Amino acid sequence: MSATTSVVDRQLLRSRTNAGLEAGRGRALLGMRVVLVLIAVVAAVSVGLGSTSGLRYALAMGAVYALAALANGVVMGGLGEISLSTSAWLAVGAYVCGLALEAGWAVGWAILASIVVTAIIGFVVAIPTVRLRGIFTALATFVLAWAVPQSIIYLEPITGGSHGLSLPTGNTVLGLPLGGSSPGQLIFSYICFTIAGLVTLALAESRIGRRVVWVGESESAAAVFGVKVTWVKVAVWTWSAAVAGLGGALFALTVGFLSPDQFPATLGINLFVVAVIAGSRSIWGAVLAGVLLAVVPTQLQSFIPSSATGIIFGVILLLALLTGAGGLAKRVEWLILAAWRAVRGGRHA
Amino acid sequence: MEILQLAVFGGLIIGVVYALAGASMVVLYRTSGYVSFAQGDIAAASLFVGLILNNMGMPYLVVAAGTILTGAILGGLIGSFIVVPLERLGAVTAVLATIAVGMIIQGGEMLVFGAEPKAFPSAGDATVFTLGALDVSVADVVSVVTCALVFAILGLAFGKTSTGIAMRAVNDSPDAAQILGVRAAQLRRRSWVVSGALAGVAGLFIAPTFGLTPFSVNAFLIFAFCAVVVGGFESIVGALVAGIGVGVISNLVAVYFDVNLVNISVYIILLLVLLVRPHGLFGRRPLERV
């Protein structure tokens, strides 16, 4: 009797983990996911600390892009919508942080201001955006990504326009000097990512996350069960904007200089593409995506000019689509799970 | 008054180009139900081929024909071998594939031609007549006439020919179309050929004014998107009217407010139309069965 139950239990667990693998959430895989996030972050930081300042700077930018990829993944993975405007949210976050620093705010408050302002603007823009679907969402966000850099030029009295905005140097957090390729910036950026990532993971596991999955699977079914579809979607977009706002603040701190052409619409497309390649439903996949986007163009410069790295990302994306592989992160999780099952299965036999 | 005339007539002429680029989108959307983010890159690649022909000393007509032909071939290849086969995985995957293709083309152009803007020949810079305060050049006349021809042909083809009606059927009801013996995949591949050619045509009128770089044609994508969204994705006439409308409005914004407000005003128009009339000013509301 008990043997049967245990078989049923194992079957149940198996199907749950499989579903969890697909959905990017679920208790059964939570432990593995947290560990993977920590491994990815520690790996990025320790490689960065032990390498040249060029690579360390690229990896610090990787944390910025990882937050942007996470923001993208929240929308793509949660709602199945294409968001091409993450570059716009990065820009808003970066400029808010830069202006706050210029006004003499402490780093912590400046970052908080970035998150709050980006979230508020994201919330306002989300209210009309969530009424769109599919390619219409893609088009609207794409046009937004075009409009924001130009609007920054228009707001020249505040933002410095196309001349750019130089930020005060010598920023510190808890005594760690920030900026550029400093080890402090690298560590701080990845700590910020880890916090944002784990909170996102916790939200995905919560009742809110379950509602998001329902809405993403079928809006009408979710509505029938009393889920307020519109507000769930607005909440997802707002959270996405807030995460990207944090990324923007780190962008400002790392680069130390802001100009509108740092946030072209092509950046929004690139961010979306790497997020899809790495796996839009995975937090540690976002680290992978960010590092890909930040490191590949600079490190392959001697083989292929950084302006042409689109070829590499384009080919990888096409291969991923043609083989129907889904995200890289899902593949890796699947491999880990398979290995773990093999080990456990061996023990049972 | 003079400034107003310049803005309106200038907007009309650039709007015609938006409409042409929009037509390239509409042809795809009618058969497939998604848009391509690669059209700007297809146009740019075709224009680079045209530029090579031009540098070989070919007359303008050959350059133009070469550009359009390359657009058709590129569109056909991309559609047949990449995007149409991926459609079975859903419209989002197909859109992703067009983004990937666009990135590859753009990267390739950067490798081969570099980022510096190159001069592209126009159909003729001589002034034909003046319209109010605006000098209308040969190229402007050619673009308006071409646009009128293209839209007349497309309107007839969609409305009257069996191919055009079959294209609509494929998007409206794929199963019913299949039962009636419509070859959906073949039609979609053909619409990619037409769409690529139209992208090339639109590019011919963009490149002389704005210079040819791997990115310059892409910047027109947002106006083309806006034109088709405002006009209604289904409607050829809508793309024409909305393209011209977007051209005139963005010119007025640039003249009376600020050049740097153009993109955000385009965004606001787009959002407003999507909210008030989600299927565009000329689109049909699709039947939704629950």
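Nothing here was measured: the structure is a model prediction, and the numbers come from that model. Just so it is clear: chains get the letters A, B, ... in the order the sequence lines come, proteins before strands, and each one is counted from 1. These numbers come from the heavy atoms of this one structure, side chains and all, not from hydrogens, waters or symmetry mates.
- Looking at heavy atoms from C-beta onward, M103(B) lies in side-chain contact with N270(A) at the 4.5 angstrom threshold.
- Listed options L261(B), V259(B), T93(B), V262(B) were ranked by heavy-atom pairs under 4.5 angstrom with chain A; first place goes to L261(B).
- Residues V35(B) and F37(B) have side chains in contact (heavy-atom distance under 4.5 Å, counting atoms from C-beta outward).
- Note: F223(B) and Y18(B) have parallel aromatic rings, judged against thresholds of 30 and 60 degrees for the angle between ring planes.
- Interface residue I135(A): only side-chain heavy atoms are found under 4.5 Å from chain B.
- The side-chain heavy atoms of L221(B) and M25(B), taken from C-beta on, include a pair separated by under 4.5 Å.
- Residue contact with chain A, scored on non-hydrogen atoms closer than 4.5 Å, involves the side chain of L271(B) exclusively.
- Considering only heavy-atom pairs separated by less than 4.5 Å from chain B, the leading option among L139(A), T129(A), V315(A) is L139(A).
- The aromatic rings of Y29(B) and F136(A) sit perpendicular, their planes meeting at an angle over 60°, well past the 30° parallel limit.
- Note: L79(A) CG to E219(A) CD = 8.0 Å, rounded to the nearest 0.5 Å.
- Under the 4.5 Å side-chain criterion, counting only non-hydrogen atoms from C-beta, F142(A) is not in contact with L270(B).
- Annotation: the span from T86(A) atom OG1 to L70(A) atom CG amounts to 10.5 Å, rounded to 0.5 Å.
- Atom OH of Y256(B) sits in a crowded spot, with more than 12 heavy atoms from other residues, nucleotides or ligands closer than 6.0 Å.
- Options G33(B), A219(B), P214(B), A91(B) differ in how many heavy-atom pairs under 4.5 Å they form with chain A, and the most are formed by A219(B).
- In this structure, chain B has heavy atoms under 4.5 Å from both the backbone and the side chain of L318(A).
- The stretch residues 224-231 of chain B places F225(B), V229(B) near chain A, each with some heavy atom under 4.5 Å from a heavy atom of that chain.
- Around CZ of F215(B), the count of heavy atoms belonging to other residues, nucleotides or ligands within 6.0 Å exceeds 12.
- One distance of note links CG of L293(A) with CG of L271(A); it measures 5.5 Å at 0.5 Å rounding.
- Both the backbone and the side chain of L144(A) come within contact range of chain B, each with at least one heavy atom under 4.5 Å from a heavy atom of that chain.
- In this structure, F313(A) CZ and I104(B) CD1 are separated by 12.5 Å, a value rounded to the nearest 0.5 Å.
- At least one side-chain heavy atom of W89(A) sits less than 4.5 Å from a side-chain heavy atom of V125(A).
- Using a 4.5 Å cut-off between heavy atoms, L96(B) contacts chain A through both its backbone and its side chain.
- Residue contact with chain B, scored on non-hydrogen atoms closer than 4.5 Å, involves the side chain of V273(A) exclusively.
- Using a 4.5 Å cut-off between heavy atoms, T309(A) does not touch chain B at all.
- Using a 4.5 Å cut-off between non-hydrogen atoms, the part of residues 75-88 of chain B that approaches chain A consists of I82(B), L86(B).
- Proximity to chain B (any heavy atom under 4.5 Å) is shown, for L155(A), by neither the backbone nor the side chain.
- You'll find the side chain of W237(A) reaches within 4.5 Å of the side chain of S83(A), heavy atoms only.
- Shown here is I3(B), whose CD1 atom has no more than 12 heavy atoms of other residues, nucleotides or ligands within 6.0 Å.
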